[in-house]
Protein chains: 2
Amino acid sequence: MTVRVAIIEDDRDIRQLLQILIDGSPGFACRQTWESCETGIPGLVEDPPDLVLMDIDLPKMSGIEGVVKIRELLPQLAVLMLSVHEDDDAVFQSLCAGAVGYLVKGLPPVQLLDAIREASAGGSPMSPSIARKVVRSFHSGEQNPLSQREIEVLRMLCDGENYRTIADALFVSANTVKAHIKNIYEKLQVHTRAEAVGKAIKDRLLR
Amino acid sequence: MTVRVAIIEDDRDIRQLLQILIDGSPGFACRQTWESCETGIPGLVEDPPDLVLMDIDLPKMSGIEGVVKIRELLPQLAVLMLSVHEDDDAVFQSLCAGAVGYLVKGLPPVQLLDAIREASAGGSPMSPSIARKVVRSFHSGEQNPLSQREIEVLRMLCDGENYRTIADALFVSANTVKAHIKNIYEKLQVHTRAEAVGKAIKDRLLR
DNA sequence: CTGTCAATCGCGCATTTGGGTAGTTTCTCA
DNA sequence: TGAGAAACTACCCAAATGCGCGATTGACAG
(Lines give C-alpha, C1' and ligand atoms only; values in the text may rest on other atoms or scores of the structure.)
Protein backbone atom coordinates (compact mmCIF):
# COMPACT_ATOMS: atom_id res chain seq x y z
CA MET A 1 0.00 0.00 0.00
CA THR A 2 2.07 2.86 -1.30
CA VAL A 3 0.89 6.35 -0.45
CA ARG A 4 0.94 8.47 -3.59
CA VAL A 5 1.85 12.04 -2.70
CA ALA A 6 1.63 15.11 -4.93
CA ILE A 7 3.28 18.46 -4.22
CA ILE A 8 2.26 22.03 -5.02
CA GLU A 9 5.07 24.37 -3.99
CA ASP A 10 6.48 27.37 -5.82
CA ASP A 11 10.04 27.13 -4.46
CA ARG A 12 11.91 24.85 -6.80
CA ASP A 13 14.49 23.71 -4.23
CA ILE A 14 12.00 22.83 -1.54
CA ARG A 15 9.83 21.08 -4.10
CA GLN A 16 12.63 18.87 -5.34
CA LEU A 17 13.92 18.22 -1.84
CA LEU A 18 10.51 17.05 -0.68
CA GLN A 19 10.02 14.93 -3.76
CA ILE A 20 13.35 13.18 -3.35
CA LEU A 21 12.74 12.60 0.35
CA ILE A 22 9.24 11.24 -0.12
CA ASP A 23 9.86 9.27 -3.29
CA GLY A 24 12.95 7.73 -1.72
CA SER A 25 11.10 6.48 1.35
CA PRO A 26 9.54 3.04 1.39
CA GLY A 27 5.77 3.16 1.36
CA PHE A 28 5.67 6.56 -0.34
CA ALA A 29 5.70 7.68 -3.94
CA CYS A 30 5.86 11.20 -5.32
CA ARG A 31 5.52 11.46 -9.07
CA GLN A 32 3.54 14.68 -9.35
CA THR A 33 4.85 18.12 -8.49
CA TRP A 34 3.66 21.56 -9.59
CA GLU A 35 4.66 25.11 -8.87
CA SER A 36 1.16 26.62 -8.67
CA CYS A 37 -2.49 25.84 -8.04
CA GLU A 38 -3.32 26.98 -11.56
CA THR A 39 -1.27 24.19 -13.10
CA GLY A 40 -1.49 21.72 -10.24
CA ILE A 41 -5.21 21.45 -9.67
CA PRO A 42 -6.03 20.37 -13.23
CA GLY A 43 -3.18 17.88 -12.88
CA LEU A 44 -4.69 16.52 -9.67
CA VAL A 45 -8.06 16.12 -11.31
CA GLU A 46 -6.52 14.19 -14.18
CA ASP A 47 -4.74 11.68 -11.95
CA PRO A 48 -5.72 12.04 -8.28
CA PRO A 49 -3.06 10.98 -5.75
CA ASP A 50 -3.78 9.92 -2.18
CA LEU A 51 -2.52 13.10 -0.60
CA VAL A 52 -1.34 16.57 -1.60
CA LEU A 53 1.27 18.71 0.07
CA MET A 54 0.19 22.29 -0.54
CA ASP A 55 2.33 25.33 0.15
CA ILE A 56 0.31 27.91 2.02
CA ASP A 57 2.04 30.95 0.48
CA LEU A 58 1.70 30.70 -3.24
CA PRO A 59 1.70 33.55 -5.75
CA LYS A 60 -1.64 34.20 -7.43
CA MET A 61 -4.01 31.59 -6.01
CA SER A 62 -3.02 30.94 -2.40
CA GLY A 63 -2.84 27.54 -0.84
CA ILE A 64 -5.99 28.26 1.13
CA GLU A 65 -7.97 29.09 -2.00
CA GLY A 66 -6.39 26.00 -3.50
CA VAL A 67 -7.78 23.82 -0.72
CA VAL A 68 -11.24 25.23 -1.29
CA LYS A 69 -10.99 24.49 -5.02
CA ILE A 70 -9.67 21.00 -4.45
CA ARG A 71 -12.47 20.21 -2.04
CA GLU A 72 -14.93 21.23 -4.71
CA LEU A 73 -13.39 19.03 -7.35
CA LEU A 74 -12.00 16.13 -5.31
CA PRO A 75 -13.71 15.99 -1.94
CA GLN A 76 -11.98 12.75 -0.98
CA LEU A 77 -8.44 14.01 -1.54
CA ALA A 78 -6.51 14.78 1.66
CA VAL A 79 -4.62 18.06 1.63
CA LEU A 80 -1.74 18.71 3.99
CA MET A 81 -0.58 22.31 4.21
CA LEU A 82 3.04 23.42 4.20
CA SER A 83 3.74 26.48 6.31
CA VAL A 84 6.83 28.45 7.25
CA HIS A 85 5.47 29.69 10.55
CA GLU A 86 4.50 27.37 13.36
CA ASP A 87 1.41 29.22 14.40
CA ASP A 88 0.36 31.17 11.42
CA ASP A 89 -3.27 32.19 11.46
CA ALA A 90 -3.31 31.03 7.87
CA VAL A 91 -2.86 27.49 9.14
CA PHE A 92 -6.05 27.80 11.09
CA GLN A 93 -7.78 29.22 8.04
CA SER A 94 -6.52 26.28 6.02
CA LEU A 95 -8.03 23.78 8.40
CA CYS A 96 -11.33 25.63 8.18
CA ALA A 97 -11.03 25.60 4.40
CA GLY A 98 -10.66 21.85 4.39
CA ALA A 99 -7.04 20.85 4.96
CA VAL A 100 -6.59 17.79 7.14
CA GLY A 101 -3.43 19.05 8.86
CA TYR A 102 -0.18 20.79 8.16
CA LEU A 103 3.60 20.52 8.16
CA VAL A 104 6.17 23.07 9.13
CA LYS A 105 8.87 23.62 6.55
CA GLY A 106 12.21 22.51 7.92
CA LEU A 107 10.68 19.74 9.98
CA PRO A 108 13.17 16.85 10.38
CA PRO A 109 12.61 14.25 7.63
CA VAL A 110 11.54 11.58 10.10
CA GLN A 111 8.83 13.72 11.63
CA LEU A 112 7.77 14.92 8.22
CA LEU A 113 7.22 11.38 7.03
CA ASP A 114 5.49 10.61 10.33
CA ALA A 115 3.08 13.45 9.71
CA ILE A 116 2.35 12.34 6.15
CA ARG A 117 1.80 8.83 7.43
CA GLU A 118 -0.53 10.10 10.14
CA ALA A 119 -2.49 12.17 7.64
CA SER A 120 -2.85 9.34 5.15
CA ALA A 121 -3.95 7.05 7.98
CA GLY A 122 -6.82 9.37 8.75
CA GLY A 123 -5.16 11.57 11.35
CA SER A 124 -4.67 15.31 11.45
CA PRO A 125 -1.10 16.28 12.25
CA MET A 126 -0.82 19.76 13.75
CA SER A 127 1.16 21.58 16.39
CA PRO A 128 -0.10 21.79 19.99
CA SER A 129 -0.93 25.48 19.79
CA ILE A 130 -2.97 25.06 16.63
CA ALA A 131 -4.69 22.08 18.17
CA ARG A 132 -5.72 24.23 21.09
CA LYS A 133 -6.91 26.97 18.78
CA VAL A 134 -9.00 24.46 16.89
CA VAL A 135 -10.43 22.93 20.04
CA ARG A 136 -11.08 26.32 21.57
CA SER A 137 -13.17 27.32 18.61
CA PHE A 138 -15.52 24.56 19.73
CA HIS A 139 -15.96 25.95 23.16
CA SER A 140 -18.86 28.23 23.84
CA GLY A 141 -17.64 31.73 24.40
CA GLU A 142 -20.04 33.19 26.89
CA GLN A 143 -22.35 31.58 29.32
CA ASN A 144 -25.73 31.37 27.73
CA PRO A 145 -28.37 33.21 29.70
CA LEU A 146 -31.21 31.10 28.37
CA SER A 147 -33.35 28.80 30.47
CA GLN A 148 -33.73 25.13 29.62
CA ARG A 149 -37.12 25.67 28.12
CA GLU A 150 -35.92 28.55 26.02
CA ILE A 151 -33.12 26.43 24.62
CA GLU A 152 -35.65 23.80 23.60
CA VAL A 153 -37.67 26.44 21.82
CA LEU A 154 -34.59 27.90 20.20
CA ARG A 155 -33.64 24.51 18.83
CA MET A 156 -36.97 24.23 17.12
CA LEU A 157 -36.69 27.73 15.75
CA CYS A 158 -33.51 26.59 14.01
CA ASP A 159 -35.55 23.96 12.25
CA GLY A 160 -37.98 26.57 11.06
CA GLU A 161 -40.90 25.39 13.16
CA ASN A 162 -43.76 27.78 13.84
CA TYR A 163 -45.67 28.60 17.02
CA ARG A 164 -48.22 25.84 16.49
CA THR A 165 -45.69 23.07 15.85
CA ILE A 166 -43.45 24.05 18.72
CA ALA A 167 -46.44 24.31 21.03
CA ASP A 168 -47.59 20.81 20.10
CA ALA A 169 -44.12 19.37 20.55
CA LEU A 170 -43.77 20.87 24.01
CA PHE A 171 -47.38 20.18 25.03
CA VAL A 172 -48.09 23.83 25.80
CA SER A 173 -50.15 26.52 24.14
CA ALA A 174 -48.92 28.60 21.24
CA ASN A 175 -49.16 31.65 23.46
CA THR A 176 -46.64 30.17 25.84
CA VAL A 177 -44.24 29.51 23.00
CA LYS A 178 -44.77 33.08 21.93
CA ALA A 179 -43.86 34.25 25.42
CA HIS A 180 -40.71 32.13 25.44
CA ILE A 181 -39.63 33.46 22.08
CA LYS A 182 -40.22 36.99 23.30
CA ASN A 183 -37.94 36.32 26.26
CA ILE A 184 -35.32 34.79 23.98
CA TYR A 185 -35.39 37.92 21.84
CA GLU A 186 -34.85 40.09 24.88
CA LYS A 187 -31.99 38.02 26.24
CA LEU A 188 -30.23 37.77 22.91
CA GLN A 189 -31.02 41.33 21.96
CA VAL A 190 -32.64 40.38 18.68
CA HIS A 191 -36.02 40.97 17.06
CA THR A 192 -36.59 38.15 14.60
CA ARG A 193 -36.32 34.37 14.49
CA ALA A 194 -33.63 34.44 11.84
CA GLU A 195 -31.45 36.78 13.86
CA ALA A 196 -31.97 34.71 16.99
CA VAL A 197 -30.87 31.56 15.19
CA GLY A 198 -27.87 33.30 13.66
CA LYS A 199 -26.75 34.77 16.95
CA ALA A 200 -27.37 31.59 18.90
CA ILE A 201 -25.26 29.48 16.56
CA LYS A 202 -22.49 32.05 16.29
CA ASP A 203 -22.34 32.33 20.07
CA ARG A 204 -22.51 28.55 20.27
CA LEU A 205 -25.52 28.52 22.51
CA LEU A 206 -26.61 25.58 20.40
CA ARG A 207 -25.23 22.37 18.95
CA MET B 1 6.43 27.20 38.01
CA THR B 2 4.79 24.13 39.39
CA VAL B 3 1.66 22.94 37.63
CA ARG B 4 -1.04 22.29 40.22
CA VAL B 5 -3.18 19.37 39.11
CA ALA B 6 -6.49 18.22 40.59
CA ILE B 7 -8.14 14.87 39.91
CA ILE B 8 -11.78 13.83 39.72
CA GLU B 9 -11.96 10.05 39.30
CA ASP B 10 -14.27 7.56 40.97
CA ASP B 11 -11.88 4.59 40.91
CA ARG B 12 -9.85 4.80 44.09
CA ASP B 13 -6.83 2.91 42.72
CA ILE B 14 -6.50 4.93 39.55
CA ARG B 15 -6.99 8.12 41.51
CA GLN B 16 -4.20 7.34 43.93
CA LEU B 17 -1.92 6.03 41.21
CA LEU B 18 -2.30 9.21 39.23
CA GLN B 19 -1.81 11.38 42.27
CA ILE B 20 1.40 9.61 43.28
CA LEU B 21 2.73 9.75 39.74
CA ILE B 22 1.95 13.43 39.26
CA ASP B 23 2.84 14.61 42.72
CA GLY B 24 6.10 12.73 42.53
CA SER B 25 7.17 14.33 39.27
CA PRO B 26 9.21 17.52 39.29
CA GLY B 27 7.22 20.50 38.07
CA PHE B 28 3.89 18.97 39.06
CA ALA B 29 1.86 18.97 42.25
CA CYS B 30 -1.34 17.11 42.99
CA ARG B 31 -2.91 17.89 46.34
CA GLN B 32 -6.58 17.74 45.40
CA THR B 33 -8.45 14.58 44.45
CA TRP B 34 -12.17 13.81 44.51
CA GLU B 35 -14.30 10.86 43.58
CA SER B 36 -17.19 12.77 42.00
CA CYS B 37 -18.17 16.04 40.35
CA GLU B 38 -20.62 16.70 43.15
CA THR B 39 -17.85 16.91 45.73
CA GLY B 40 -15.04 17.97 43.41
CA ILE B 41 -16.49 21.00 41.68
CA PRO B 42 -17.16 22.92 44.91
CA GLY B 43 -13.63 22.00 45.94
CA LEU B 44 -12.25 23.37 42.68
CA VAL B 45 -14.12 26.61 43.17
CA GLU B 46 -12.70 27.00 46.67
CA ASP B 47 -9.10 26.57 45.59
CA PRO B 48 -8.70 26.47 41.80
CA PRO B 49 -5.72 24.48 40.49
CA ASP B 50 -4.07 25.00 37.11
CA LEU B 51 -5.54 21.91 35.53
CA VAL B 52 -8.08 19.18 36.27
CA LEU B 53 -7.98 15.56 35.22
CA MET B 54 -11.60 14.52 34.87
CA ASP B 55 -12.78 10.96 34.40
CA ILE B 56 -15.28 10.78 31.55
CA ASP B 57 -17.35 7.95 33.05
CA LEU B 58 -18.51 9.05 36.45
CA PRO B 59 -21.60 7.89 38.32
CA LYS B 60 -24.32 10.51 38.67
CA MET B 61 -22.94 13.65 37.00
CA SER B 62 -20.78 12.54 34.07
CA GLY B 63 -17.44 14.04 33.25
CA ILE B 64 -18.96 15.80 30.26
CA GLU B 65 -21.60 17.49 32.39
CA GLY B 66 -18.81 18.24 34.82
CA VAL B 67 -16.83 20.08 32.15
CA VAL B 68 -19.86 22.18 31.31
CA LYS B 69 -20.33 23.07 34.98
CA ILE B 70 -16.67 23.89 35.45
CA ARG B 71 -16.65 26.14 32.43
CA GLU B 72 -19.55 28.02 33.91
CA LEU B 73 -17.85 28.51 37.25
CA LEU B 74 -14.17 28.66 36.30
CA PRO B 75 -13.83 29.50 32.60
CA GLN B 76 -10.06 29.77 32.83
CA LEU B 77 -9.50 26.33 34.30
CA ALA B 78 -8.15 23.74 31.85
CA VAL B 79 -9.87 20.38 31.96
CA LEU B 80 -8.22 17.26 30.58
CA MET B 81 -10.49 14.26 30.18
CA LEU B 82 -9.60 10.73 31.17
CA SER B 83 -11.05 8.04 28.94
CA VAL B 84 -10.82 4.27 28.76
CA HIS B 85 -11.46 4.07 25.04
CA GLU B 86 -9.17 5.64 22.48
CA ASP B 87 -11.83 6.92 20.18
CA ASP B 88 -14.89 7.20 22.24
CA ASP B 89 -17.49 9.53 20.85
CA ALA B 90 -17.72 10.85 24.39
CA VAL B 91 -14.24 12.25 23.94
CA PHE B 92 -15.44 14.30 21.03
CA GLN B 93 -18.41 15.44 23.07
CA SER B 94 -16.06 16.45 25.86
CA LEU B 95 -14.03 18.65 23.57
CA CYS B 96 -17.22 20.31 22.41
CA ALA B 97 -18.25 20.75 26.02
CA GLY B 98 -15.06 22.58 26.80
CA ALA B 99 -12.27 20.14 27.61
CA VAL B 100 -8.87 21.11 26.23
CA GLY B 101 -7.80 17.55 25.44
CA TYR B 102 -7.82 14.06 26.88
CA LEU B 103 -5.73 11.21 28.16
CA VAL B 104 -6.20 7.50 27.69
CA LYS B 105 -6.12 5.48 30.89
CA GLY B 106 -3.16 3.18 30.87
CA LEU B 107 -1.00 5.59 28.92
CA PRO B 108 2.69 5.17 29.84
CA PRO B 109 3.64 7.59 32.64
CA VAL B 110 6.05 9.50 30.44
CA GLN B 111 3.47 10.20 27.76
CA LEU B 112 0.89 10.99 30.41
CA LEU B 113 3.11 13.66 31.90
CA ASP B 114 3.92 14.90 28.41
CA ALA B 115 0.23 15.34 27.72
CA ILE B 116 -0.36 17.19 30.99
CA ARG B 117 2.61 19.38 30.21
CA GLU B 118 1.30 20.04 26.71
CA ALA B 119 -2.14 20.91 28.04
CA SER B 120 -0.86 23.24 30.73
CA ALA B 121 1.36 24.91 28.12
CA GLY B 122 -1.71 25.77 26.10
CA GLY B 123 -1.82 22.72 23.84
CA SER B 124 -4.56 20.18 23.28
CA PRO B 125 -3.32 16.62 23.53
CA MET B 126 -5.52 14.18 21.63
CA SER B 127 -5.17 11.10 19.48
CA PRO B 128 -4.79 11.37 15.70
CA SER B 129 -8.24 9.99 14.96
CA ILE B 130 -9.94 12.41 17.32
CA ALA B 131 -7.89 15.23 15.83
CA ARG B 132 -9.20 14.32 12.41
CA LYS B 133 -12.73 14.14 13.70
CA VAL B 134 -12.37 17.56 15.21
CA VAL B 135 -10.82 19.04 12.09
CA ARG B 136 -13.38 17.39 9.86
CA SER B 137 -16.17 19.04 11.74
CA PHE B 138 -14.76 22.30 10.43
CA HIS B 139 -14.94 21.31 6.81
CA SER B 140 -17.92 22.30 4.76
CA GLY B 141 -19.88 19.25 3.79
CA GLU B 142 -21.28 19.97 0.39
CA GLN B 143 -20.57 22.56 -2.18
CA ASN B 144 -23.01 25.38 -1.74
CA PRO B 145 -25.36 25.76 -4.67
CA LEU B 146 -26.08 29.42 -3.98
CA SER B 147 -25.21 32.26 -6.30
CA GLN B 148 -23.10 35.18 -5.13
CA ARG B 149 -26.09 37.41 -4.75
CA GLU B 150 -27.98 34.81 -2.81
CA ILE B 151 -25.11 34.47 -0.37
CA GLU B 152 -25.17 38.23 0.20
CA VAL B 153 -28.86 38.06 0.94
CA LEU B 154 -28.42 35.04 3.19
CA ARG B 155 -25.81 36.88 5.22
CA MET B 156 -28.24 39.66 5.88
CA LEU B 157 -30.96 37.21 6.79
CA CYS B 158 -28.63 35.96 9.51
CA ASP B 159 -28.59 39.45 10.94
CA GLY B 160 -32.36 39.51 10.97
CA GLU B 161 -32.78 42.15 8.31
CA ASN B 162 -36.11 42.41 6.50
CA TYR B 163 -36.94 42.81 2.81
CA ARG B 164 -36.80 46.60 2.94
CA THR B 165 -33.43 46.83 4.68
CA ILE B 166 -31.79 44.21 2.50
CA ALA B 167 -33.19 45.86 -0.61
CA ASP B 168 -31.74 49.22 0.42
CA ALA B 169 -28.38 47.71 1.21
CA LEU B 170 -28.17 45.99 -2.16
CA PHE B 171 -29.68 48.91 -4.10
CA VAL B 172 -32.48 46.80 -5.53
CA SER B 173 -36.21 46.58 -4.96
CA ALA B 174 -37.76 44.63 -2.12
CA ASN B 175 -39.39 42.39 -4.69
CA THR B 176 -36.01 41.35 -5.98
CA VAL B 177 -34.88 40.45 -2.52
CA LYS B 178 -38.05 38.44 -2.16
CA ALA B 179 -37.24 36.58 -5.34
CA HIS B 180 -33.73 35.84 -4.15
CA ILE B 181 -34.98 34.55 -0.83
CA LYS B 182 -37.51 32.40 -2.60
CA ASN B 183 -34.70 30.86 -4.65
CA ILE B 184 -32.63 30.33 -1.53
CA TYR B 185 -35.53 28.48 0.07
CA GLU B 186 -35.83 26.22 -2.92
CA LYS B 187 -32.13 25.44 -3.09
CA LEU B 188 -31.83 24.77 0.62
CA GLN B 189 -35.17 23.01 0.79
CA VAL B 190 -36.50 25.23 3.57
CA HIS B 191 -39.54 27.43 4.03
CA THR B 192 -38.62 30.10 6.57
CA ARG B 193 -35.81 32.52 7.24
CA ALA B 194 -34.93 30.89 10.54
CA GLU B 195 -34.60 27.47 8.95
CA ALA B 196 -32.54 28.88 6.11
CA VAL B 197 -30.13 30.50 8.55
CA GLY B 198 -29.92 27.36 10.66
CA LYS B 199 -29.29 25.12 7.67
CA ALA B 200 -26.82 27.49 6.07
CA ILE B 201 -24.69 27.72 9.18
CA LYS B 202 -24.88 24.01 9.93
CA ASP B 203 -23.86 23.21 6.36
CA ARG B 204 -21.20 25.90 6.63
CA LEU B 205 -22.39 27.79 3.61
CA LEU B 206 -21.63 30.88 5.65
CA ARG B 207 -18.90 32.24 7.89
C1' DC C 1 -41.78 35.87 54.16
C1' DT C 2 -41.16 38.57 50.36
C1' DG C 3 -39.22 39.19 45.90
C1' DT C 4 -37.52 37.40 41.74
C1' DC C 5 -37.88 34.45 37.87
C1' DA C 6 -39.18 30.53 34.91
C1' DA C 7 -43.14 28.71 32.97
C1' DT C 8 -47.69 28.88 31.82
C1' DC C 9 -51.82 31.18 29.37
C1' DG C 10 -54.73 35.01 26.81
C1' DC C 11 -56.02 38.77 23.13
C1' DG C 12 -55.79 42.48 19.74
C1' DC C 13 -53.37 44.53 15.94
C1' DA C 14 -50.02 46.36 12.61
C1' DT C 15 -46.38 44.45 9.95
C1' DT C 16 -43.86 40.95 7.72
C1' DT C 17 -43.57 36.97 5.45
C1' DG C 18 -44.22 33.04 2.12
C1' DG C 19 -46.36 31.31 -1.99
C1' DG C 20 -48.14 31.95 -6.45
C1' DT C 21 -47.79 34.00 -11.01
C1' DA C 22 -45.56 36.68 -14.67
C1' DG C 23 -42.43 39.02 -16.75
C1' DT C 24 -37.28 41.53 -18.77
C1' DT C 25 -32.33 41.66 -19.29
C1' DT C 26 -27.83 40.06 -19.37
C1' DC C 27 -24.40 36.70 -19.58
C1' DT C 28 -22.27 32.29 -20.13
C1' DC C 29 -21.63 27.99 -22.21
C1' DA C 30 -22.48 24.36 -25.32
C1' DT D 1 -27.21 30.58 -32.11
C1' DG D 2 -29.83 29.04 -28.56
C1' DA D 3 -30.67 27.23 -23.82
C1' DG D 4 -30.12 28.11 -19.16
C1' DA D 5 -28.67 30.82 -15.22
C1' DA D 6 -28.55 34.76 -12.54
C1' DA D 7 -30.37 39.10 -11.51
C1' DC D 8 -33.91 42.02 -11.64
C1' DT D 9 -39.04 43.89 -11.18
C1' DA D 10 -44.15 43.65 -10.01
C1' DC D 11 -48.72 42.30 -7.80
C1' DC D 12 -52.10 39.70 -4.71
C1' DC D 13 -53.35 37.45 -0.47
C1' DA D 14 -53.53 34.23 3.34
C1' DA D 15 -50.80 33.08 7.11
C1' DA D 16 -47.29 33.91 10.38
C1' DT D 17 -44.92 36.99 13.13
C1' DG D 18 -43.60 40.72 16.58
C1' DC D 19 -45.28 43.73 20.08
C1' DG D 20 -48.32 45.69 23.26
C1' DC D 21 -51.01 44.90 27.38
C1' DG D 22 -52.14 41.73 30.70
C1' DA D 23 -52.42 37.27 34.16
C1' DT D 24 -51.40 32.94 37.58
C1' DT D 25 -48.49 29.38 39.53
C1' DG D 26 -44.50 27.35 41.79
C1' DA D 27 -39.72 27.25 43.10
C1' DC D 28 -35.92 29.21 45.17
C1' DA D 29 -32.86 32.89 47.54
C1' DG D 30 -32.19 36.37 50.60
Side-chain angles (χ1 to χ4, degrees), chain A residues 41-42 45 69 72-73 142-201 205-206, chain B residues 38 41-42 45-46 61 68-69 72-73 142-201 205-206:
Chain A
I41 293 179
V45 173
K69 263 276 177 297
E72 280 174 28
L73 303 170
E142 296 146 60
Q143 184 43 32
N144 82 359
L146 302 178
S147 71
Q148 201 51 48
R149 202 56 157 172
E150 283 160 0
I151 290 175
E152 289 182 76
V153 173
L154 189 50
R155 265 186 224 291
M156 304 196 66
L157 284 186
C158 282
D159 296 333
E161 313 291 4
N162 59 19
Y163 292 133
R164 184 77 262 139
T165 314
I166 298 177
D168 290 348
L170 300 182
F171 304 107
V172 296
S173 84
N175 286 312
T176 302
V177 174
K178 218 168 180 179
H180 284 311
I181 292 180
K182 210 180 308 185
N183 290 329
I184 292 173
Y185 287 170
E186 205 162 306
K187 290 184 180 177
L188 298 187
Q189 291 281 289
V190 298
H191 305 89
T192 68
R193 290 151 123 81
E195 197 180 359
V197 171
K199 183 146 192 166
I201 298 184
L205 305 179
L206 284 186
Chain B
E38 285 77 10
I41 293 180
V45 172
E46 216 166 281
M61 190 190 291
V68 174
K69 263 278 177 294
E72 280 174 29
L73 303 171
E142 296 149 55
Q143 184 43 30
N144 84 2
L146 302 178
S147 71
Q148 203 50 49
R149 202 56 157 174
E150 285 160 358
I151 290 174
E152 290 181 74
V153 173
L154 190 49
R155 264 184 224 291
M156 303 196 67
L157 284 187
C158 282
D159 297 332
E161 313 291 3
N162 60 18
Y163 291 134
R164 183 77 262 140
T165 314
I166 298 176
D168 290 347
L170 300 182
F171 304 106
V172 297
S173 83
N175 287 311
T176 302
V177 175
K178 207 168 183 177
H180 284 311
I181 292 181
K182 212 178 306 186
N183 290 329
I184 292 174
Y185 286 169
E186 203 161 309
K187 291 184 180 176
L188 298 187
Q189 290 281 288
V190 297
H191 305 89
T192 68
R193 292 150 121 81
E195 197 180 0
V197 171
K199 183 148 192 166
I201 298 184
L205 304 179
L206 284 187

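All values below come from the heavy atoms of this structure, side chains included, with hydrogens, waters and symmetry mates left out. Letters A, B, ... are given to chains in the order of the sequence lines, protein chains preceding strands, and every chain is numbered from 1. Everything numeric in this text was worked out from a predicted model, so none of it was measured.
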Protein-proximity profile, nucleotides 23-30 of chain D, B/S/- by nucleotide at the 4.0 Å heavy-atom cutoff, equals --------

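Legend: residues meeting side chain to side chain donor-acceptor pair (under 3.5 Å) with A/Thr176, ordered by chain and number and at least two apart, are A/Ser173. Annotation: side-chain contact (heavy atoms from CB on, under 4.5 Å) contacts of B/Lys182 (sequence neighbours excluded): none. Scanning for side-chain contact (heavy atoms from CB on, under 4.5 Å) contacts around A/Asp168 gives A/Arg164, with sequence neighbours left out. Partners of A/Leu170 according to the side-chain contact (heavy atoms from CB on, under 4.5 Å) rule, which considers only residues two or more places apart in sequence or in another chain, are A/Arg149, A/Glu152, A/Val153, A/Ile166, A/Val172. Residues forming a side chain to side chain donor-acceptor pair (under 3.5 Å) with A/Asn162 (at least two apart in sequence, or on another chain): A/Thr165.
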Filtered N/O pairs between nucleotides 3-8 of chain D and protein, under 3.5 Å:
from: D/dA6; atom 1: OP2; to: B/Lys187; atom 2: NZ; distance (Å): 2.9
from: D/dA7; atom 1: OP1; to: B/Arg149; atom 2: N; distance (Å): 3.3
from: D/dA7; atom 1: OP2; to: B/Ser147; atom 2: OG; distance (Å): 2.2
from: D/dC8; atom 1: OP1; to: B/Arg149; atom 2: NE; distance (Å): 3.4
from: D/dC8; atom 1: OP1; to: B/Arg149; atom 2: NH2; distance (Å): 2.8
from: D/dC8; atom 1: OP2; to: B/Arg149; atom 2: NE; distance (Å): 2.7
from: D/dC8; atom 1: OP2; to: B/His180; atom 2: NE2; distance (Å): 2.9

Distances for protein N/O vs nucleotides 15-19 of chain C N/O pairs under 3.5 angstrom?
from: C/dT17; atom 1: OP1; to: B/Arg193; atom 2: NE; distance (Å): 3.3
from: C/dT17; atom 1: OP1; to: B/Arg193; atom 2: NH2; distance (Å): 2.9
from: C/dT17; atom 1: OP2; to: B/Tyr163; atom 2: N; distance (Å): 3.3
from: C/dG18; atom 1: OP1; to: B/Tyr185; atom 2: OH; distance (Å): 2.8
from: C/dG18; atom 1: OP1; to: B/Arg193; atom 2: N; distance (Å): 2.9
from: C/dG18; atom 1: OP2; to: B/Tyr185; atom 2: OH; distance (Å): 2.7
from: C/dG18; atom 1: OP2; to: B/Arg193; atom 2: NH1; distance (Å): 2.9
from: C/dG18; atom 1: O6; to: B/Lys178; atom 2: NZ; distance (Å): 2.7
from: C/dG19; atom 1: O6; to: B/Lys178; atom 2: NZ; distance (Å): 2.8

Output one line per pair: protein atom, nucleotide atom from nucleotides 26-30 of chain C, and distance, for all N/O pairs under 3.5 Å.
none

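In this structure, A/Leu157 and B/Ala194 approach most closely via the heavy-atom pair O-CB, 3.3 Å. Here the shortest heavy-atom pairing between B/Gly198 and A/Ile201 reads CA-CD1, 4.1 Å. Listed here is the closest heavy atom pair of B/Leu154 and B/Ala200: CD2-CB, 3.6 Å.
Note: CG (B/Asp168) to P (D/dT9) measures 12 Å, nearest angstrom.
Listed pair A/Asn175 / C/dC9 fails the phosphate criterion, with no side-chain N or O lying under 4.0 Å from OP1 or OP2.
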Any chance you could lay out the side chain to side chain contact (heavy atoms under 4.5 Å, CB included) test for A/Arg155 and A/Asp159, step after step, and finish with the verdict? CA-CA 7 Å; A/Arg155 265 186 224 291; A/Asp159 296 333; 5.8 Å; no

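The stretch residues 184-200 of chain A participates, sequence neighbours left out, in these salt bridge (charged side-chain N to carboxylate O under 4.0 Å, His left out) pairs: A/Glu150-A/Lys187.
Expressed to the nearest 0.5 Å, how far CG of A/Leu188 lies from CD1 of A/Ile181 amounts to 11.5 Å. Interatomic distance, B/Ser147 OG to B/Asn183 CG, rounded to the nearest 0.5 Å: 7.5 Å. The distance from atom OH of A/Tyr163 to atom NZ of A/Lys178, rounded to the nearest 0.5 Å, is 5.0 Å.
Residues A/Val177 and A/Met156 have side chains not in contact (no heavy-atom distance under 4.5 Å, counting atoms from C-beta outward).
When the C1' atoms of four end pairs are superposed on the next four at each end of the helix from C/dC1-D/dG30 to C/dA30-D/dT1, using five pairs per end, the two resulting axes differ in direction by 70°, to 10°.
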